[in-house]
**Q** 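Handing you this structure, nothing more for now.
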Amino acid sequence: MNNHEFIARRKINTPPLISPLRYPGGKRRFARSIADILNAHLTRPLSLFIEPFAGSAAVAIALLEAGYTERIALCDTDPLIGNFWRVVFGGDREFSELCEWIERAPITLDQFHEVRGLTPRTSVEAAFKCLFLNRTSFSGVLHRWAGPIGGSRQASPYTIDCRFPREAILHRLDDLHRMKRRVLYAGTRSYNRIASSAPVGRLVAAQPQRVLWYLDPPFFCKAEKLYNHVFGPSDHRRFREFVDRKLSGHWIVSYDDVPQARSLWSDCESLTEASLTYSASAASRKGVERSKRGRARELILSSFFGASPGQVISLHGPHRKRGPAAPAADWQAAKA
């Protein structure tokens with residue numbers, strides 16, 4: 001297959017329910033930008049796409065369904081998210097149990113407080129808690145301080161059940177579960193341990209030139225208000241060291257465009273600015289969710305060096321970790 005055939009046969013589709021999870025800072029439409037990179041540089045689909053900060057996993061799912069990659073691997077440090085993907089792409093019994101919980105659950109304020117106070121004893125309980133709180137909390141935030149959509153008085157036209165289309169979620173879960181054989185790993189692990197999963201490690205070692213890592217670590221700013229697991233300064237430095245010295249395969253990293261990130265990655269030979277539009281929800285003084293739209297910039301860093309748009313990098317040659325700087329590009333993406 002030549003490069004033009006590769007481009008023509010694969011179109012990215014990113015509907016709002018590409019993932020069952022809403023996610024703060026979600027990048028479902030960013031999948032199109034990654035697809036553009038692959039179209040410019042690769043002559044055949046990836047063997048494996050790895051998303052170690054999975055969150056909603058929207059990028060991995062979109063690329064898998066569009067045929068840009070043959071397999072995916074997902075992990076997240078947050079056990080709620082890790083267990084959710086483990087159950088969705090795992091055995092039939094646990095998956096069916098999760099669907100039963102979703103079918104039966106009342107979408108009420110009382111249920112919200114009950115689920116938020118739940119200490120999961122099983123993977124299914126953790127998966128249900130993840131989905132329920134994600135679909136009933138402000139902006140999908142799983143942080144323990146996140147409040148319910150509509151506020152404690154439910155005085156808003158946007159009530160607690162407005163982001164919980166039960167039948168559509170169940171249908172989407174069925175679609176994803178049927179793809180489980182194309183998921184090499186899904187679970188709770190740190191970004192630097194996903195390759196210790198035997199199936200992932202074997203493929204990365206055997207075909208690094210056909211592996212792409214998409215790494216979207218916790219940002220420098222405001223992460224503590226959004227996520228249960230955040231990075232301190234030393235964590236950011238260790239992450240940079242991991243990408244430089246221990247990661248095998250192609251990679252793309254996204255960061256918030258702040259001075260700390262620019263300083264940390266100042267010597268990276270491929271740095272691009274992404275102009276992003278995003279939707280977010282905020283609580284008013286009366287506890288009512290209101291929608292906000294804004295713009296932000298992110299830094300996109302990549303191991304794809306020295307190739308202008310349209311130039312092909314063969315997947316059969318040795319993987320290059322360093323090379324001349326890539327030309328600047330005008331990236332346009334949108335956050336979910």
Side-chain angles (χ1 to χ4, degrees), residues 14-29 54-58 61 76 78-85 87-88 94-120 122-177 225-228 278-294 334-336:
T14 56
L17 208 61
I18 185 72
S19 170
L21 298 181
R22 306 159 63 220
Y23 209 70
K27 292 185 175 64
R28 64 183 175 88
R29 295 173 189 161
S56 71
I61 292 168
D76 203 285
D78 189 326
L80 296 183
I81 298 169
N83 276 293
F84 176 79
W85 292 119
V87 172
V88 170
E94 286 190 332
F95 176 73
S96 296
E97 187 178 346
L98 171 62
C99 291
E100 290 173 3
W101 279 58
I102 296 169
E103 288 175 336
R104 295 196 310 262
I107 315 303
T108 63
L109 196 59
D110 288 343
Q111 181 75 358
F112 173 86
H113 291 298
E114 181 178 336
V115 173
R116 187 166 65 175
L118 172 69
T119 301
T122 67
S123 294
V124 174
E125 289 184 0
F128 174 74
K129 181 173 183 176
C130 176
L131 178 71
F132 187 91
L133 293 182
N134 174 265
R135 283 278 159 187
T136 57
S137 298
F138 285 120
S139 296
V141 175
L142 295 177
H143 194 284
R144 64 186 180 276
W145 300 117
I149 297 173
S152 58
R153 297 183 181 180
Q154 291 293 287
S156 167
Y158 300 99
T159 54
I160 195 169
D161 61 348
C162 71
R163 299 288 186 266
F164 207 113
R166 196 189 309 261
E167 293 304 317
I169 290 171
L170 289 168
H171 180 76
R172 186 59 178 148
L173 287 172
D174 280 335
D175 289 343
L176 295 175
H177 185 64
K225 297 180 180 179
L226 299 173
Y227 312 118
N228 288 324
Y278 62 91
S279 296
S281 296
S284 70
R285 292 180 181 178
K286 296 181 179 180
V288 175
E289 186 183 59
R290 66 180 187 272
S291 179
K292 297 196 303 181
R293 293 192 62 82
K335 284 193 174 182

**Q** Output the distance between atom SG (C99) and atom CD1 (I169), rounded to the nearest 0.5 Å.
**A** 11.0 Å
**Q** How long is the straight-line distance from OG1 of T136 back to CG of L131, given to the nearest 0.5 Å?
**A** 9.0 Å
**Q** Taking side chain to side chain contact (heavy atoms under 4.5 Å, CB included) as the definition, give me every residue that meets it alongside Q111, ordered by chain and number, with sequence neighbours left out.
**A** A105, P106, T108, E114, V115, F128, F132
**Q** Can you check whether L118's main-chain N or O pairs, donor with acceptor, with K129's side chain at less than 3.5 Å?
**A** yes
**Q** Say whether, by atom type as modelled, one donor and one acceptor occur between the side chain of R22 and the main chain of N134 under 3.5 angstrom.
**A** yes
**Q** Taking only residues two or more places apart in sequence, or in another chain, which ones meet H113 in a side chain to side chain contact (heavy atoms under 4.5 Å, CB included)?
**A** L109, R116
**Q** Begin with the C-alpha distance, continue with both residues' side-chain angles, and end with the deciding distance and a verdict on side-chain contact (heavy atoms from CB on, under 4.5 Å) for N83 and C130.
**A** CA-CA 8 Å; N83 276 293; C130 176; over 6 Å; no
**Q** Counting N and O atoms only, with roles assigned by atom type, does the side chain of S19 sit under 3.5 Å from a partner on the main chain of S56, one being a donor and the other an acceptor?
**A** yes
**Q** Looking at every non-hydrogen atom in both residues, tell me the closest pair between I18 and A58 and how far apart they are.
**A** CG2-CB, 3.9 Å
**Q** Walk me through whether H177 and L98 qualify under side-chain contact (heavy atoms from CB on, under 4.5 Å).
**A** CA-CA 12 Å; H177 185 64; L98 171 62; over 6 Å; no
**Q** To the nearest 0.5 Å, what is the distance between CH2 (W101) and CD (E125)?
**A** 4.0 Å
**Q** Check side chain to side chain contact (heavy atoms under 4.5 Å, CB included) between T159 and all other residues, then give those that pass, not counting sequence neighbours.
**A** Q154, D161
**Q** What are the two closest heavy atoms between Y158 and C162, and how far apart are they?
**A** CB-SG, 4.0 Å
**Q** Which heavy atom of A126 sits nearest a heavy atom of L80, and at what distance?
**A** O-CD2, 3.7 Å
**Q** Would you give the length of the straight line joining atom CG of L17 to atom NE2 of H171, rounded to the nearest 0.5 angstrom?
**A** 9.5 Å
**Q** What heavy-atom pair brings I149 and S137 nearest, and what distance separates the two atoms?
**A** CG1-O, 3.5 Å
**Q** Check R172 against I61 and note the closest heavy-atom contact, atom names and distance.
**A** NH2-CG2, 3.4 Å
**Q** Between W85 and L21, does a side-chain contact (heavy atoms from CB on, under 4.5 Å) hold up when you go through it step by step?
**A** CA-CA 10 Å; W85 292 119; L21 298 181; 4.1 Å; yes
**Q** Keeping the roles fixed (side chain from R135, backbone from P20), state whether a donor-acceptor pair exists under 3.5 Å.
**A** yes
**Q** With F95, which of L176, D174, V124 fulfils side-chain contact (heavy atoms from CB on, under 4.5 Å)?
**A** D174
**Q** Which heavy atom of G55 sits nearest to which heavy atom of D76, and what is that distance?
**A** N-OD2, 3.0 Å
**Q** Do F112 and I107 make a side-chain contact, defined as non-hydrogen atoms from C-beta onward lying under 4.5 Å apart?
**A** no
